[in-house]
Amino acid sequence: MRICVIGTGYVGLVGSSVFADWGNEVIGVDNNPEKIKMIESGVMPIFEPGLRELVAKGISSGNLRFTDSLKAGINDAEIIFICVGTPMGEDGSADLKYIYQVADEIALEMKTPKIISIKSTVPVGTNKKIREYIKNKTSVEFDSVSVPEFLREGSSIEDMNQTDRTVIGSNSPEAIEKVSRLFEHLNSPIVKCDLESAELIKYASNSFLATKISFINEIAQICDLSGADVSKVAQGMGLDSRIGPKFLNASIGYGGSCFPKDVQALYKTSSDLGYHFNILESVIKTNKDQKHYFIEKIKKVYGEGLKGKTVACLGLAFKNDTDDIRESVAIEVVRILRDMGAEIKAFDPEAMPNSKKVLGDSGITYCATKEDAVTNSDFLVILTEWREFKELQDSVLISVKDKNIFDGRNLLDRTKLGNLGINYYCIGKK
Ligand code: UDX
Ligand code: UDX
């Protein structure tokens, strides 16, 4: 099938290269010409495991091309996927300015009938509104389809190839069938529905996962108060197939480009529709409070000020296997520790260039290795769940001067640290 993907960010670049890998003719469009040049020369604007190789494979097979011209991109396409960002607006709702910008251009440049599919996360009702908006600007026929994405950064290529399900919403049965053909080879369920249900499935899914995280984070606080161990509680809960083991890792809270904005946007949409979404209000509050719960653990040992203390901070990305720091709780915690007077020695395997842009250099040294950050620091704080942080050598751990480790991701082994004479503070495990 001939596909145009508009936006070469986390979703669009992965989407275009995977569609090409599935044997489609794909053209990726971005209004940022620098980005297009970078991608064409083999330099990825984002870190995502396997992406560089997949883009190179697509380009050399002839299935994948890129352009900064939307007109050239959509000309031959049968299906257009819109993958531009929908960031959080000032009032908590999704900011749709990029979607409208692209809709304007499509309406202007579209010469033959198309399927227009919004993959970006948009509030329920948006596809219909965009459909009317484009219809008022062109006489060319088109179908509207909602195909929300469920990709996790860090494993998005795998997530697309081994998806639990594909959701395709439209008021046109023919368009649903045509788009379905793209995904049928995956042998996973395809949920076919109306536009509004497809839009809401995305928000409900992300909000439910965020609820799971806030729930386990509250259970972790009960564990701290009662002496229970949250990892055992999560294991015991997760073995119940009705609950499932995933997304029950207690933490400093969820971040990233999706959960914070999507939960907030569903809360706002609900209130615009006249419904007060009680559970989501609590999920948002619990998540905001969770990093302070972690900071309180540090304050209990050190008091309010950290002047004169050098703190090793491992992790800056919002999660492992990404360089993305959008809404990263790790970055927020680093800011708080720095404001408390600490000198920070930071390390993240991929997110340091992005972090420097927002944190600057004042009070922070960006270290070349995790060992450089930890060695001879006063205490250690773990903020992102990178697997390699589990592999710190004993000699590095015992060089931490105050013998205190605060683990915001429950990565390390308390017994082992105890044997090294180190005090271990984590989330929900005595
Ligand atoms: C996506 C989604 O689309 C968002 O709704 C979802 O919830 C999270 O993932 P993401 O891929 O992370 O967004 O966005 P981003 O990395 O910001 O990339 C968007 C791309 O679109 C950028 O490269 C930008 O240059 C491009 N763009 C933006 C256009 O090509 N045209 C525009 O008019 C606006
Ligand atoms: C999410 C969704 O999972 C994906 O389906 C989607 O559509 C885009 O948004 P992503 O934001 O890439 O993906 O990351 P995800 O793996 O969901 O993690 C989100 C946040 O929750 C991270 O900050 C992570 O550290 C945190 N998290 C995750 C926890 O704190 N505990 C967990 O058990 C799982």
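Excluded from the calculations below are hydrogen atoms, water molecules and symmetry mates; all remaining heavy atoms, backbone and side chain alike, are included. Counting convention: from 1, in listed order, for ligands and their atoms alike.
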Query raised in the report: How long is the gap from CG on Leu64 to CD1 on Ile59, to the nearest 0.5 Å?
Result: 5.5 Å

Report task. Assert yes or no for the condition that the ring centre distance of Phe406 to Phe379 is strictly below 6.0 Å. Result -> yes

Query - Within-cut-off N or O pair, Val84 and ligand 1, under 3.5 Å - result: yes

Query raised in the report: What part of Lys119, side chain from CB on, backbone N/CA/C/O, both or neither, has a heavy atom under 4.0 Å from ligand 1?
Result: neither

Atom pairs and distances, ligand 2 N/O vs protein N/O under 3.5 Å:
residue  : atom   : partner : partner atom : Å
ligand 2 : 5 (O)  : Phe150  : O            : 3.2
ligand 2 : 7 (O)  : Glu149  : O            : 3.4
ligand 2 : 7 (O)  : Lys202  : NZ           : 3.3
ligand 2 : 12 (O) : Glu153  : N            : 2.6
ligand 2 : 14 (O) : Lys319  : NZ           : 3.3
ligand 2 : 16 (O) : Lys319  : NZ           : 2.9
ligand 2 : 23 (O) : Gly255  : N            : 3.0
ligand 2 : 23 (O) : Phe318  : O            : 2.8
ligand 2 : 25 (O) : Phe318  : O            : 3.4
ligand 2 : 25 (O) : Glu385  : OE2          : 2.7
ligand 2 : 25 (O) : Arg409  : NH1          : 2.8
ligand 2 : 30 (O) : Ser251  : OG           : 2.7
ligand 2 : 31 (N) : Asn249  : O            : 3.0
ligand 2 : 33 (O) : Leu248  : N            : 3.4
ligand 2 : 33 (O) : Asn249  : N            : 2.9

Query raised in the report: Salt bridge between Lys202 and Glu149, side-chain N to carboxylate O under 4.0 Å?
Result: yes

Requested in this report: Report yes or no: is the cationic atom of Lys356 (NZ for Lys, CZ for Arg) under 6.0 Å from the centre of the six-membered ring of Tyr366, at an angle within 45° of the ring normal?
Outcome: yes

Report task. Without swapping roles, check the side chain of Ser377 against the backbone of Val374 for a donor-acceptor pair under 3.5 Å. Result -> yes

Can you give me every donor-acceptor pair (side chain of residues 258-267, partner residue at least two apart or in another chain, under 3.5 Å) with its distance?
residue : atom : partner : partner atom : Å
Asp262  : OD2  : Asn206  : ND2          : 2.8
Tyr267  : OH   : Glu281  : OE2          : 3.4

Taking distance alone, no hydrogens or angles, what donor-acceptor pairs closer than 3.5 Å link side-chain atoms of residues 27-35 to residues at least two apart or in another chain?
residue : atom : partner : partner atom : Å
Asp30   : OD1  : Asn32   : N            : 3.0
Asp30   : OD2  : Thr8    : N            : 2.7
Asp30   : OD2  : Thr8    : OG1          : 2.7
Asn32   : OD1  : Glu34   : N            : 3.1
Asn32   : OD1  : Lys35   : N            : 3.3

Requested in this report: Could you tell me which atoms of ligand 1, counted from 1 in the order shown, lie closer than 4.0 angstrom to a heavy atom of Cys83?
Outcome: 3 (O), 19 (C)

Requested in this report: Kindly confirm or rule out an N or O of Glu105 lying under 3.5 angstrom from an N or O of ligand 1.
Outcome: no

Requested in this report: Under 4.0 Å, heavy atoms only, figure out whether ligand 1 is touched by the backbone of Asp30, its side chain, both or neither.
Outcome: both

I'd like a table of donor-acceptor pairs (distance under 3.5 Å, sequence neighbours excluded) in which one partner is a side-chain atom from residues 94-101, with atom names and distances.
residue : atom : partner : partner atom : Å
Asp95   : OD1  : Lys97   : N            : 3.0
Asp95   : OD2  : Lys97   : NZ           : 3.1

